[in-house]
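Every heavy atom of this structure was used, including side-chain atoms; hydrogens, water molecules and symmetry mates were not. Every chain is numbered from 1, with letters handed out A, B, ... down the list of sequences.
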There are 2 protein chains.
Amino acid sequence: METPRAQRARQAADVLRRQITQGAFADGVLPGERALGERLGASRNAVREALSLLRSEGLITRRQGVGTTVVKPKYGHGLDELAGLAETLDGHGTVTNEVRAASVTRPPAAIAEQLRLPPDAEVVHIERLRRLAGIPLSLDTTYLAADIGRPLLQHDLAGRDLFALIEETTGERLGSAEVDVHAISAGPDTAALLGIPAGAAIFAIDRVTSLADGRPVDAESLHIRADRLTLHATLHRRPVR
Amino acid sequence: METPRAQRARQAADVLRRQITQGAFADGVLPGERALGERLGASRNAVREALSLLRSEGLITRRQGVGTTVVKPKYGHGLDELAGLAETLDGHGTVTNEVRAASVTRPPAAIAEQLRLPPDAEVVHIERLRRLAGIPLSLDTTYLAADIGRPLLQHDLAGRDLFALIEETTGERLGSAEVDVHAISAGPDTAALLGIPAGAAIFAIDRVTSLADGRPVDAESLHIRADRLTLHATLHRRPVR
């Protein structure tokens, strides 16, 4: 069972994670343990344990002579509206994509179903490792209905969001997406690609995106570094029924 | 770097995770490796590796004579609207809460700021381990503005959502919440409370909820088992500007 100190350490880590996410430490340097303890209402031991939890999340680092610093601010990825990574991170740096696969193929049956295609239909399969300012952020596997995907193979898959490319090549606007967010431990191979330790927590996101007319055209699995990205949403209370 | 087989195993695991989440295996039993391979368009080795990834996520289990079965279906928690756990899981079983703390206290400075309270203001601090049908699902730490929180201490914290209690006791409707979703590895103590292996991936959610008039009254940190819960959202494309 959890000891009272472990409980206080967890609560202190929660508050610190929140502050780091919100950019409370503008210069990226955290106060010393004593000052943090006062700020968090926690003992020095609890502060130390909280810092250790956040270090294991890859959020902070400790360096001799410098103290405790934020590794890098986390980027917020909105869950409020449907947007591509480059759109979302506009202003934070350039998104570049290492194209690992881009071909016409037959999809797994489950993907064909999601795209409402006959079992023997062809799709365009694209896999990209996406980097922000050179640092891996997301590994995206995409299956596109063939008529939507084929024209994209001629375009700049290394530099552009697929959403923007789909809208440009079809002349149609995307409508909505059904999104399932999982938190999983990265397997050793995925971790190596993303540049994180094996077993680190990542987001695995299943997303099926439809055109404005409701036709599903894009089924994706995104593996996103959770030490670099936070998912943000503003939720509203449902009107009384 | 990732081998082609590891790549195919990851892709197969993604498709299977998606199907399991959507309840594709009604009886909870997965087909054999050969049938799965045909369904996923993957070799038997890749299927085996995919099953091993999903086993390490706590999603499936393998039992002699029974085969591969889904441990338990994942519950979907909507990110579309603001709702308490019991509201969301209505129909899936009874939510019960082990109340681990419920007192008036002074909050960490960061929490006071979030609730727009003076640094020396009191708050009500509530911590609850929440179970669905007896199985731990979420560990919630809540700080409430004192005028909102005090009346709640007289109510059924073991059986009710705080959202519903706030609306009943104030006679006011909640408005909206700002939500930050993190994926982290559970520390040993949190993991023990939630009944999962240390280091397993969980959701850590920071949520600040306001009344309909815009006043923030409820700052929470939720630690949610990711092997039992998926976050779901329907996202819409922003109109062209």
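Comparing A/Pro188, A/Ala200, A/Ala109, A/Ala177 by heavy-atom pairs within less than 4.5 Å of chain B, the highest count is held by A/Ala177. Per-residue counts of heavy-atom pairs under 4.5 Å with chain A were compared for B/Thr21, B/Leu16, B/Leu53, B/Ile205; the largest is that of B/Thr21. Residue with the most contacts toward chain A among B/Gly41, B/Ala42, B/Pro107, B/Ser185: B/Ser185 (heavy-atom pairs, distance under 4.5 Å). The candidate with the highest count of non-hydrogen atom pairs below 4.5 Å against chain A, out of B/Thr190, B/Thr105, B/Asp227, is B/Thr190. Between chain B and the residues A/Gln7, A/Arg39, A/Arg106, A/Gln19, the largest count of heavy-atom pairs under 4.5 Å involves A/Gln7. Among A/Ile224, A/Val208, A/Leu139, the residue making the largest number of heavy-atom pairs under 4.5 Å with chain B is A/Leu139.
To the nearest 0.5 Å, the span separating CZ on B/Phe203 from CG on A/Leu231 amounts to 8.5 Å. A distance of 9.5 Å separates CD of B/Glu178 from CD of A/Gln22, quoted to the nearest 0.5 Å.
Of all heavy-atom pairs spanning B/Leu235 and A/Leu82, the tightest one is CB-N, 3.9 Å. Here the closest non-hydrogen pair linking A/Ala183 and B/Ile202 is CB-O, 4.0 Å. Among all heavy-atom pairs drawn from B/Thr230 and A/Val181, the shortest one is CG2-O, 3.4 Å. Residues B/Ala201 and A/Ile184 come closest through the heavy atom pair CB-C, 3.4 Å.
Interface remark: A/Glu38 contributes no atoms to any contact with chain B (heavy atom separation under 4.5 Å). Looking at A/Ala204, the atoms closer than 4.5 Å to chain B (heavy atoms on both sides) all sit in the side chain, from C-beta outward. Heavy-atom distances place the side chain of B/His223, and not its backbone, under 4.5 Å from chain A. Heavy-atom distances place both the backbone and the side chain of B/Ala219 under 4.5 Å from chain A. Of the atoms belonging to B/Gln11, it is side-chain heavy atoms, and not backbone ones, that fall under 4.5 Å from chain A. At a 4.5 Å heavy-atom cutoff, the contact between B/Glu167 and chain A is made by side-chain atoms alone.
B/Arg18 has no carboxylate O lying under 4.0 Å from a charged side-chain N of A/Glu220, or vice versa, which leaves the two without a salt bridge. Salt bridge annotation for A/Glu87-B/Arg237: present, with a cationic side-chain nitrogen under 4.0 angstrom from a carboxylate oxygen.
In terms of modelled atom types and a separation under 3.5 Å, the side chain of A/Arg10 and the main chain of B/Gly187 share no donor-acceptor contact. Between the side chain of A/His182 and the backbone N or O of B/Ala226 there is no donor-acceptor pair closer than 3.5 Å. Checked by atom type and distance alone, the side chain of A/His232 pairs as donor or acceptor with a backbone atom of B/Val179 at under 3.5 Å.
With a 4.5 Å cut-off on side-chain heavy atoms, A/Val15 and B/Ile111 count as touching.
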